[in-house]
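Throughout, protein chains are lettered first and strands after them, A, B, ... in sequence-line order, and every chain is numbered starting at 1.
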2 protein chains.
Amino acid sequence: MLRVMVVDDQALVRRGFALILDNEPDIEVVAEAGTGIEAVEAARAHQPDIILMDIRMPEMDGLEATARILEASDAICRIIILTTFDPDEFVFRALRAGASGFVLKDIPPEALVQAVRTVAEGGAMLAPGITQRLISQFAQKLGTGHNLAERLERLTTREREVLEAIAAGKSNAEIAETLFIGPATVKTHVSSLLSKLGLRDRAQAVVFAYECGLATVGERDVGF
Amino acid sequence: MLRVMVVDDQALVRRGFALILDNEPDIEVVAEAGTGIEAVEAARAHQPDIILMDIRMPEMDGLEATARILEASDAICRIIILTTFDPDEFVFRALRAGASGFVLKDIPPEALVQAVRTVAEGGAMLAPGITQRLISQFAQKLGTGHNLAERLERLTTREREVLEAIAAGKSNAEIAETLFIGPATVKTHVSSLLSKLGLRDRAQAVVFAYECGLATVGERDVGF
DNA sequence: GAGCATCTCCACCTTTTGGGGGAGGTCCGA
DNA sequence: TCGGACCTCCCCCAAAAGGTGGAGATGCTC
């Protein structure tokens, strides 16, 4: 039995969703909440499997509530954001907060039920248009790198290693240490790779490394 | 009427999908193909709206075929990859090739029909687990930036502008030109922002800019 | 009006960087 | 075995970058 909680500041809407879900034999609506704060408390009290969460609410919005609920160490629930609008900003904030779904309120009831089941099984459900945008952004980031990655192949192994170190923000002296070679050698490699790639200085080399995928956002602590 | 083409090397599977879709009043299967090469030709000849494409096929795989079909200037179709497996590698290659959907063959028939309709309407449909992974990757890349983005707020407007220019691979002299200020002033700003952010040199500043989201992969020509 | 932050610029200095050229070594394939 | 690619290191030099300290101008708030 899937234990579901519905969060929306409009009681009518809330009840509507609850009735649709309660009508399913394997779904039980165990709680409702009208504000973000109520949602956080109710989530703790009832420990639902799935939460349907509106964004626009008084006291605390749904994104904030989502983040807080998922931060709780004992939280095992998964959250679907259910809203009327889909501006990018909301979507990204929701996904960052840890939401497993983002669907618009205009979807047919069966699709809502399906979304709940999908998310309960560990999947994720996004409105089709949002999936589309996510894919575009992703494909763009993956795609651009490729013509650049060819330029990478012109470098020798050692030069690529040095470039990686540069992209990690290391100075020539530090690179020398990590690669167990002399500083002079590092300078040779740096000069060589800059010239091969048509770059002017190490700052441009860092840009190049990110753009071609040699370095990736998120893989590094910026704790210089 | 949605004109659909089904591509799969196993005739039985192909016919099965075609029958399921043809059973819908608003969907018409206008072509079938058993290899990637056939698919490319048939797509040109029949100009379907939607193509269901298997990955594993002789002669030319579905991903290659997808890329070629979408490269054709007159192509207006959208492609759904339909496969038995979902290794990350395939998914990413498919999305880069321009696929609008990636679903597994074990989905129920109604879901397949739904996927076709969704994609035809301009949306995208991914298998729930894939959506989940896409979100994770995305949230990770977005998430890391935020504690760093706070550090950004310690900078003045001008300093942020200078940092952006640094992240574009510009030298101090070039920054001075683009911001219409003297080189000495640029140096002042650079020193100031490095010290505020706890960085040592402009290369680290570039790393920081990418990690915190001030600079993003794909927004720049690396044509220094 | 005093204090504060910001933007602008200057001079002086040290360190780092990047370019040029050379040189010895290994390893691999022609 | 010879040439070529690669890695290693050296020297010298000029340019760029970064640190320090100072200073005038603006605009804001208390």
Side-chain angles (χ1 to χ4, degrees), chain A residues 148-212 214-215 220 222-224, chain B residues 149-212 214-215 222-224:
Chain A
L148 263 50
E150 289 168 17
R151 284 211 251 167
L152 256 188
E153 289 166 20
R154 285 206 276 269
L155 301 186
T156 68
T157 311
R158 214 44 165 170
E159 286 162 355
R160 262 194 298 275
E161 286 171 3
V162 171
L163 178 53
E164 272 185 71
I166 290 176
K170 289 191 164 77
S171 69
N172 287 343
E174 287 168 343
I175 297 173
E177 275 185 39
T178 58
L179 293 184
F180 304 108
I181 55 180
T185 309
V186 177
K187 290 188 62 174
T188 307
H189 290 313
V190 172
S191 287
S192 169
L193 74 88
L194 288 180
S195 135
K196 281 187 186 175
L197 298 176
L199 308 173
R200 184 181 49 200
D201 53 42
R202 59 206 303 110
Q204 291 191 341
V206 176
V207 174
F208 180 89
Y210 273 96
E211 295 293 334
C212 78
L214 219 208
R220 183 178 334 287
V222 187
F224 294 123
Chain B
E150 288 168 17
R151 285 210 249 166
L152 256 187
E153 288 165 21
R154 286 205 275 267
L155 301 185
T156 67
T157 311
R158 212 47 165 169
E159 285 162 354
R160 262 194 299 274
E161 286 171 2
V162 171
L163 178 53
E164 271 185 73
I166 289 176
K170 289 191 165 75
S171 68
N172 288 342
E174 287 168 342
I175 297 173
E177 274 186 40
T178 59
L179 294 184
F180 304 108
I181 56 181
T185 310
V186 177
K187 290 187 65 171
T188 306
H189 290 312
V190 172
S191 287
S192 169
L193 74 89
L194 288 181
S195 131
K196 280 188 186 175
L197 297 176
L199 307 173
R200 184 181 48 200
D201 53 42
R202 60 208 300 110
Q204 291 191 342
V206 176
V207 174
F208 181 88
Y210 273 96
E211 295 293 334
C212 79
L214 218 209
V222 187
F224 295 123

To the nearest 10 degrees, what angle separates the axes at the start and end of the helix from C/dG1-D/dC30 to C/dA30-D/dT1, five pairs each?
40°

Can you tell me if the side-chain N/O atoms of A/H189 get under 4.0 Å from OP1 or OP2 in D/dC9?
no

Given atom CZ of B/R160 and atom C1' of C/dT6, what is their separation to the nearest angstrom?
13 Å

Are there any protein N/O atoms within less than 3.5 Å of an N/O atom in nucleotides 23-30 of chain C, and if so, which ones and at what distance?
none

Does A/T185 have a side-chain nitrogen or oxygen under 4.0 Å from the phosphate oxygens OP1 or OP2 of D/dC9?
yes

With the side chain defined as heavy atoms from C-beta on, B/R158 is closest, among C/dT6, D/dC7, C/dC7, to C/dC7

C/dG18 C1' sits how many Å from A/Q204 CD, rounded?
13 Å

Can you find a side chain N or O atom of B/T156 that sits less than 4.0 Å from OP1 or OP2 on C/dA5?
no

Spacing of B/L193 atom CG relative to C/dA5 atom C1', expressed in whole Å
17 Å

Interatomic distance where CD1 belongs to A/I175 and P belongs to D/dC9 [whole Å]:
14 Å

Assess the residue pair A/R200 and B/E174 against the criterion (salt bridge (charged side-chain N to carboxylate O under 4.0 Å, His left out)); give the C-alpha distance rounded to whole Å, side-chain angles, the decisive distance to 0.1 Å, and a yes or no.
CA-CA 13 Å; A/R200 184 181 49 200; B/E174 287 168 342; 2.9 Å; yes

Base versus backbone protein contacts along nucleotides 13-28 of chain D [heavy-atom cut-off under 4.0 Å; B, S, -]
----BBS---------

What distance do A/N172 atom CG and A/E177 atom CD have between them, rounded to the nearest 0.5 Å?
12.0 Å

